[in-house]
Amino acid sequence: MSVDGEARRLKSEADEPGWEVDPDDDWGVAVVATVGRQLKLRREAVGMRAATFGEAVGYGEDMVYKIEAGKRIPRPEYLDMADEVLGAGGLLSAMKEDVKKVRYPKKVRDLAELEAKAVELLSYGNHNLHGLLQTEEHARSLLMTRRPVAPEDQLEQAVAARMARKAIYDRAPAPELSFVLEETTLRRPVGGKMVWRRQLEHLLDVAQLRNVEIQVMPMDRWDHPGTGGRIQVLKFGDGTAVGRMDDEFNGRPVHDPRQLRVLELRYGIIRAEALTARESLAFIERLVGDT
């Protein structure tokens, strides 16, 4: 192939990992099918062949057909280029937000929606850092330890979904976020020394936010109810809440006020046993200095 030919190589399915449609995600399937149908109708309305359209947007003809058939999730830039080429006046570009959500697994979308509505978050972690506290490289390193090994596209999809949840930090008014971290989660060099150090530095940055409180539970403090596993409680503006704990209520999310009281009681004791926010900040700073 010539240099010019290589430069003009159109994107194929192999170039677009992580953009398949989950067949079990009914809402996602419906969204992608609707977007694909609109793309096809617009293209045919202007009398443009799939191959010609593909060249104009930089994609192979086969990929164009798969996107129009609802078998592949179009990238945001694909929709922008399609909008321009087909003269859609912004209608195709406007679909980017829904399409963006479809790429993330349904259970992650559901969690992100709950976090987006929460006015207060309480989280105790005894094994790994909470996803909202992780850097991208830390998250990727953690996800790479899963077995069986996930395909590269699924790995990137999971990382992107976790990072997207960090939109919670940009909300106004800001929710109150409380994290209690077991010391072991800070000492484990996930991803290697430099990834670990950057993760610790990131925690220091997050801890400076006025609505965030990070506390560390030293390893020598064992007499608390956190030995039963992770605890998370999300409280909403209407007074309702949802929570879960690994060893309570079969690990399932609970909404009943009586069950939530148990989780809040345990979290309150854990929080009281942990280092204060100021002490925790100094503790993490010492860890950074030791790396």
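The residues R43 and E68 are annotated as salt-bridged, a charged nitrogen and a carboxylate oxygen being separated by less than 4.0 angstrom. Taking a cutoff of 4.0 Å between a charged side-chain nitrogen and a carboxylate oxygen, K117 and E113 do not qualify as a salt bridge. Between E61 and R49 there is no salt bridge, since no side-chain nitrogen of the basic residue lies less than 4.0 Å from a carboxylate oxygen of the acidic one. Contact check on R140 versus E156 returns a salt bridge, with a Lys/Arg side-chain nitrogen under 4.0 Å from an Asp/Glu carboxylate oxygen.
Applying the ring pair (Phe, Tyr, Trp, His ring centres under 6.0 Å) rule to H130 yields the partners F179; only residues at least two apart in sequence or on another chain are considered. Not counting sequence neighbours, the partners of Y78 by the ring pair (Phe, Tyr, Trp, His ring centres under 6.0 Å) test are Y59. Legend: residues meeting side-chain contact (heavy atoms from CB on, under 4.5 Å) with P225, ordered by chain and number and at least two apart, are R266, I269, I270.
Considering I214, L209, N211 as possible partners of L177, the one that fulfils the side-chain contact (heavy atoms from CB on, under 4.5 Å) test is N211.
Side-chain contact annotation: E182 with Y124, donor-acceptor N/O pair under 3.5 Å present. Checked by atom type, the side-chain pair E55/T52 shows no donor-acceptor distance below 3.5 Å.
For residues 282-291, the side-chain hydrogen bond (donor to acceptor under 3.5 Å, both in side chains) pairs, not counting sequence neighbours, are R197-T291. Sorted by first and then second residue, the salt bridge (Lys or Arg N to Asp or Glu O under 4.0 Å) pairs involving residues 79-91 (not counting sequence neighbours) are D80-K96.
Side-chain heavy-atom separations under 4.5 angstrom define the hydrophobic clusters, and the remaining members of the one that includes M163 are L143, M144, L155, V159.
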